[in-house]
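Throughout, numbering of the chain's residues begins at 1 and tracks the sequence. Model, not experiment: these values are computed from the prediction.
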Amino acid sequence: MFDVGQMPAKGATGVILPKNRDARFVTIRRGGTLTDSDHRLLALWAASCAEHVLNLFESIQPQDPRVRQAIELARAWARGEITMTQARTAAGHANAAARNLSGAPRHAAHAAGQAAAVAHVAAHELGAAAYAIKAARAAAPKAEADSAGRAECQWQRDQLPKAIRELVLDDQRLRNDICWSAFDC
């Protein structure tokens, strides 16, 4: 079986998936332990993380709808309104919107791409959060970047639904090193 963790997320600027897939992020029907309801909660939380920094993209690219649409389609997938393939396609479009950008707008677009990709691979939830933290850090004055990142990380943790809180916090602990130490908050 193909190990998704051996490849970087398509269009992303860094590897955010572990080399070995964590069964807690694989749905029950695919041999893991993740329930559909928790998968949907992960997608909704990831969409919230991405939406929290969306303005950093839209302030630079106000006419480009791809990043906002990726967040909307992540939520639509969680509600059962679209297919996984449609959400995954939106992820690719958000990543494409980031292509010619740098700094906070680029990271914000990747956060949205990761959020939409949760429909395909649940472990992308942490990519959405990590890219949002990177966006917050990049948008802050240099002397305030670390505190901006910690504040974003804490905001994200405050948004975690109880049902997935321990799962996500443990995932942050396990993948912090491959997620740019974004979760040191």
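Every residue meeting the salt bridge (charged side-chain N to carboxylate O under 4.0 Å, His left out) condition with R24, not counting sequence neighbours, appears here in chain and number order: D22, D170. The side chain to side chain contact (heavy atoms under 4.5 Å, CB included) check on A50 picks up I71, A111, A112, A115, with sequence neighbours excluded. Not a single salt bridge (charged side-chain N to carboxylate O under 4.0 Å, His left out) links D38 to another residue, sequence neighbours left out. Under the side chain to side chain contact (heavy atoms under 4.5 Å, CB included) criterion, A23 pairs with no residue at all, not counting sequence neighbours. For I28, the side chain to side chain contact (heavy atoms under 4.5 Å, CB included) test picks out T35, with sequence neighbours left out. Listed by chain and residue number, R75, A76, E81 satisfy the side chain to side chain contact (heavy atoms under 4.5 Å, CB included) test with R79 (two or more places apart in sequence, or in another chain). Not a single ring-ring contact (aromatic ring centres under 6.0 Å, His included) links H93 to another residue, sequence neighbours left out.
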**OP:** Output, in order, the C-alpha distance, side-chain angles, deciding distance and verdict of side chain to side chain contact (heavy atoms under 4.5 Å, CB included) for L73 and T89.
**Re:** CA-CA 10 Å; L73 291 177; T89 298; over 6 Å; no

**OP:** Apply side chain to side chain contact (heavy atoms under 4.5 Å, CB included) to R21 and V121, showing your working.
**Re:** CA-CA 10 Å; R21 292 188 69 180; V121 175; 4.1 Å; yes

**OP:** For the pair L160 and L169, evaluate side chain to side chain contact (heavy atoms under 4.5 Å, CB included) and give the outcome as yes or no after the intermediate values.
**Re:** CA-CA 9 Å; L160 277 167; L169 293 179; 4.1 Å; yes

Show the atom names and distances, to 0.1 Å, of all donor-acceptor pairs under 3.5 Å that link a side chain in residues 53-60 to residues at least two apart or in another chain.
from, atom 1, to, atom 2, distance (Å)
E58, OE1, R68, NH2, 2.7
E58, OE2, R68, NE, 2.8
E58, OE2, R68, NH2, 3.3
S59, OG, N55, O, 3.1
S59, OG, L56, O, 3.4

Under 3.5 Å, sequence neighbours excluded: what are the donor-acceptor pairs made by side chains of residues 136-154?
from, atom 1, to, atom 2, distance (Å)
S147, OG, E144, O, 3.0
E152, OE1, H52, ND1, 2.8
E152, OE2, H52, ND1, 3.0
Q154, NE2, D158, OD1, 3.2

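Within the structure, ring pair (Phe, Tyr, Trp, His ring centres under 6.0 Å) contacts touching residues 22-46 (residues at least two apart or in different chains) are H39-W77. Pairs of residues two or more places apart, or lying in two chains, never qualify as disulfide bond (SG atoms under 2.5 Å apart) while including a residue from residues 40-116.
R173 places no side-chain N or O within donor-acceptor distance of the main-chain N or O of V168, the cut-off being under 3.5 Å. A distance-only check finds a donor-acceptor pair linking the side chain of N176 to the backbone of F183 [under 3.5 Å].
Taking every heavy atom of both residues into account, A135 and A104 meet most closely at O-CB, 3.5 Å. The minimum heavy-atom distance between C179 and A130, with the atom names listed, is CB-CB, 4.0 Å. A pairwise comparison of heavy atoms in R106 and A98 identifies NH1-O, 3.1 Å as the closest pair. Across all their heavy atoms, A78 and R40 have their closest contact at O-CD, 2.6 Å. Contact detail for V67 and A108: the closest heavy-atom pair is CG1-O, 4.2 Å. Heavy-atom minimum distance, P105 versus L101: CB-CD1, 4.0 Å.
Checking Q61 against R66 by side-chain atom types alone, no donor-acceptor pair falls below 3.5 Å. Side-chain contact of Q86 with T83: a donor-acceptor pair under 3.5 Å is present, judged by distance alone.
Side-chain contact between T85 and H120 is absent, with no heavy-atom pair separated by less than 4.5 Å. Between I133 and W180, every side-chain heavy-atom pair lies at or beyond the 4.5 Å cut-off. E125 is listed as a side-chain neighbour of D171, based on a closest heavy-atom distance under 4.5 Å. In this structure, the side chains of L42 and L34 come closer than 4.5 Å at one or more pairs of heavy atoms.
A single hydrophobic cluster is not seen to contain both L44 and I164; linkage of ILVMFWY side chains at heavy-atom distances under 4.5 Å, directly or through other members, places them apart.
Taking CG from L167 and CD from Q172, the interatomic distance works out to 10.5 Å, rounded to the nearest 0.5 Å. Rounding to the nearest 0.5 Å places OH of Y131 at 8.0 Å from NE2 of H107.
Under a 4.5 Å side-chain heavy-atom cut-off, the cluster of Ile, Leu, Val, Met, Phe, Trp and Tyr residues that includes V26 has no other member.
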